[in-house]
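Because the structure is predicted, anything quoted here is derived from the model rather than measured.
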Amino acid sequence: MVSNNLATAIVFLPLLGFIIAGIASLLAHKPAREADVLAFGNADHSDHGHAAHAHHDDHHHDDHHAPEPSPHSAGVSRFAEIVTTGFLGIACVLSWVLFAQVALGSAQPIRITLADWIHVGSFIVDWNIRVDTLTAVMLVVVTTVSGLVHLYSVGYMHEDPARPRFMAYLSLFTFAMLMLVTADNLVQMFFGWEGVGLASYLLIGFWFKKRTANDAAMKAFIVNRVGDFGFALGIFLVFWVFGAVSFDPIFAAVPGKAKEVVTFLGFQINALELACVLLFMGAMGKSAQFLLHTWLPDAMEGPTPVSALIHAATMVTAGVFMVARLSPLFEATHFAMSVVLIFGATTAIFAATVGLVQNDIKRVIAYSTCSQLGYMFVALGAGVYSAGIYHLFTHAFFKALLFLGAGSVIHAMHHEQDIRKMGGLIKVIPFTAAMMFIGNIALTGFPFTAGYFSKDAIIEAAYVAHTPGHTYAFLCVVLAAGLTSFYSWRLYFLTFLGETRADKHTFEHAHESPLVMLVPLAVLAAGAVLAGYPLAHAFLSDATGVFWKGSIFTGPENHVLHDMHDPNKLPRWVVWSPFVMMVGGFVLAYLFYLKWPQIPGQLAERHPAIYRFLLNKWYFDELYDLLFVRPARWLGTFLWKKGDGAVIDGFGPDGVSSLALRVTGRVVKLQTGYVYHYALAMLLGVAGFVTWYLFAGGAR
């Protein structure tokens, strides 16, 4: 039996850490002098742990540019770090205990009622914690990665005067994500969904004096609102069809509602198909799928720990979790499943092509994340939800490892992020190089690493699936496997091998990160290897088996998981295709960047249009700027200048005040100060009065 207190503690310990660290952040500084604030506001922060100390050569800012910390700020910061990291560590341990009980043990799924929330007619929403295998898997992922990121941040952000605020934001984000994955109804899930959106805005824009960080935070927030609008409409439609928002009543009623239709934009459409497409819109935004992906690479403006937490293991996987949680709904659809499959496949290949030519070490990994999320949705669209969740689980370890490894490289290179200005770093930071090597082989699917089992399963599922578009998806994910191997080894070779291209002073002073940053790398590296073989059979078992315990639903017509193990339906060449693509990408990267390093430049010069197309990310930012940003800015300016300024202000307060000024200005001219002018006015008045009296008064 699972202890109610265990699950409740896991969810609310990060919230408690956020509250304590948030209070500490208010006590960390005394009021800054105006000159200090102005100097701090003009500082150009790079991606590093020194938000107020841009003391590297490129920026020429000294320590006195930061607001003056109080004598107790160091102690308060340390207290906030210990509290938040300690609480996350406890939550992580408890999550693994819960995982052992629920997923690997005999404990049955439970529901914990925390409080009543909304009771209006038939609309009933309570605060519940749902604990089943799917929840347990997500709790392990979220708390493990978040706990390690908290620990890593202690070293990475050690010179930032706003450390308590940063640690508080991390814990707030973790709490919102835990509320999302433990939700027992769609409204509670939406609460967590929006909570991680808010926390991501705060974390991406943590260095709020930096213009690009603010822009990236706004972009993430606005793009996600587009997807969230669809998600909200989907929740409304589900309630309209089922009369409930709690999962169990909805799932039980799905067979009886499969044929129901609604009128949408004048067309008769299957209600479940429309609801699932709208819900998937939310997943597209949160999980950075094709067309709503543009925010993810720009979000690298936040500190590196933010990238590892938000964009490797938690928020971006919320969409994958949501589709898996709602598998009974999606299993009853055909068109919606094709939409999920095709968008996932397109995202996988699109992001992989863009990652080929990026030069910022974090952006390469960001596009890799985008591509791997596409893989997860291919698995969901193929009907193999367990494979999608398994890849979510394994990807969390090796992608967080790569992001934190990149942070260690940036720390060693004095905040340099351009891989063209690196090289030969294996000599000076060998441990970081070894950790990123492990992350690379797991990402590219080297045999018996975590990525090998989960990614290969998705490729096989795409081949044997029956969802329309599965052949297109199979070709996309196989090709993306080769591109992933190429850009991953390109990053590794340019960063760690060959002769250094770094500034001599920077290279000579490069050094390994402190132990508090290296320990999380080692733990994640272990996960990148051990999350593979020992758990592969359990994750890829039948959804009604002893592991999933029905937390993931597959319909009776869904035989894809069975067909993946049938040699008559899965040819050997399909099984070997990801390995061949992995080796091919490695060999090509070796030839291009170690054997004949002049080739990439020659290819770029020979095919400039293709190179610029990929370098500019298929011109999506420019296209959206043309279609949406500029018209919105023009409309806003027009309404401001013409509507608000000319019409409302012109005829309103400005018009009234200007009329009063004009009238009084003319009346004032009557006051000349000469007595004979006033005498004349009085005589004219008397004459006028007498005239009126004689003619008008006399007539009466």
Side-chain angles (χ1 to χ4, degrees), residues 46-49 56-59 156 297 300 304 307-308 352 354-368 398-399 401-444 446 483-514 517-518 521 525 582-605 611 614-615:
S46 244
D47 178 19
H48 52 74
H56 48 292
D57 296 338
D58 293 339
H59 290 204
Y156 193 83
M300 297 302 106
T304 296
S307 306
V354 176
L356 296 174
V357 297
Q358 298 301 307
N359 298 309
D360 185 306
I361 188 170
K362 285 175 61 179
R363 284 180 182 267
V364 175
I365 303 173
Y367 277 106
S368 172
F398 59 73
K399 190 52 62 69
L401 172 61
L402 288 171
F403 266 121
L404 296 185
S408 185
V409 171
I410 295 168
H411 182 273
M413 290 298 291
H414 219 42
H415 322 303
E416 179 59 67
Q417 295 182 205
D418 192 334
I419 57 177
R420 295 171 298 181
K421 299 178 182 179
M422 298 182 187
L425 290 180
I426 195 171
K427 302 170 187 174
V428 290
I429 49 172
F431 185 82
T432 299
M435 296 299 98
M436 289 200 71
F437 179 83
I438 294 173
N440 249 21
I441 62 175
L443 170 61
T444 56
F446 189 80
L483 299 179
T484 300
S485 180
F486 177 82
Y487 68 65
S488 297
W489 290 113
R490 169 182 178 263
L491 181 148
Y492 191 85
F493 293 154
L494 287 177
T495 303
F496 295 105
L497 302 183
E499 295 298 323
T500 185
R501 298 171 301 283
D503 173 76
K504 183 179 179 182
H505 179 268
T506 301
F507 184 78
E508 288 177 350
H509 288 80
H511 55 84
E512 279 287 12
S513 301
M517 294 172 63
L518 298 182
L521 294 182
M582 178 201 70
V583 174
F586 172 83
V587 171
L588 205 59
Y590 171 80
L591 295 176
F592 275 30
Y593 295 99
L594 291 182
K595 186 72 173 176
W596 300 303
Q598 71 278 7
I599 291 181
Q602 294 173 352
L603 284 175
E605 292 176 1
Y611 177 72
L614 297 179
L615 190 65

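Rounded to the nearest 0.5 angstrom, E416 CD and T506 OG1 are separated by 7.5 Å. Taking OH of Y367 as the reference point, atom CG of L483 lies at 15.0 Å (rounded to 0.5 Å). Rounding to the nearest 0.5 Å gives a distance of 9.0 Å between OG of S368 and CG of N440. Between the CG atom of L402 and the CE atom of M435 there is a distance of 11.5 Å, given to the nearest 0.5 Å. To the nearest 0.5 Å, atoms CG (L614) and CG (L356) are separated by 6.5 Å. Atoms CZ and NZ, on F496 and K427 in that order, are 13.5 Å from each other to the nearest 0.5 Å.
For the pair L521 and L401, the minimum side-chain heavy-atom distance is below 4.5 Å. Inter-residue side-chain proximity for H509 and H414 is flagged as unmet; no heavy-atom pair is nearer than 4.5 Å. No side-chain heavy atom of L404 sits under 4.5 Å from any side-chain heavy atom of M517. Using a 4.5 Å cut-off on side-chain heavy atoms (C-beta onward), L425 and F507 make contact. For the pair L443/K399, a side-chain contact is recorded, criterion being any heavy-atom separation below 4.5 Å from C-beta on. I429 has its side chain out of reach of H511: every pair of non-hydrogen atoms, C-beta onward, lies at least 4.5 Å apart. For the pair L518/T432, a side-chain contact is recorded, criterion being any heavy-atom separation below 4.5 Å from C-beta on. Under the 4.5 Å side-chain criterion, counting only non-hydrogen atoms from C-beta, L491 is in contact with I365.
A distance-only check finds a donor-acceptor pair linking the side chain of E512 to the backbone of F431 [under 3.5 Å]. Proximity of a side-chain donor or acceptor of T500 to a complementary backbone N or O of G424 within less than 3.5 Å is not detected. In this structure, S488 contributes its side chain and T484 its backbone to a donor-acceptor pair below 3.5 Å. With Q358 contributing its side chain and D360 its backbone, the two residues share no donor-acceptor pair below 3.5 Å. Side-chain atoms of R501 come within 3.5 Å of backbone atoms of I419 as a donor-acceptor pair (strictly under, hydrogens ignored). Panel note: side chain K421, backbone A502; no donor-acceptor pair is recorded below 3.5 Å. Side chain of R490 to backbone of L588: no donor-acceptor contact under 3.5 angstrom is found.
Scanning all heavy atoms of the two residues, the minimum distance from G439 to F398 falls at O-CB, 4.1 Å. Pairing each heavy atom of L594 with each of G498, the nearest pair is CD2-N, 4.4 Å. Contact record, Q417 with K362: NE2-CD, 4.0 Å, taken as the closest heavy-atom pair. Residues G355 and V364 share a closest heavy-atom pair of O-CG1, 4.2 Å. A406 approaches M436 most closely through the heavy-atom pair N-SD, 3.9 Å.
Around atom CD of E499, no more than 12 heavy atoms belonging to other residues, nucleotides or ligands sit under 6.0 Å away. For F446, the CZ atom is loosely surrounded, since the number of other residues' heavy atoms within 6.0 Å does not exceed 12.
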Requested in this report: Using the side chain to side chain contact (heavy atoms under 4.5 Å, CB included) rule, take V409 and T495 through it: C-alpha gap first, then chi angles, then the decisive distance, then the call.
Outcome: CA-CA 9 Å; V409 171; T495 303; 4.0 Å; yes
Query - Test side chain to side chain donor-acceptor pair (under 3.5 Å) applied to T444 and S485, step by step - result: CA-CA 5 Å; T444 56; S485 180; 5.1 Å; no
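Looking at Y487, W489, Y492, Y593 one by one, the single match for ring-ring contact (aromatic ring centres under 6.0 Å, His included) with F586 turns out to be W489.
Between H411 and Y156, the ring planes are tilted. Angles from 30° to 60° get that label.
Ring pair F486/F592: centre-to-centre distance below 6.0 Å.
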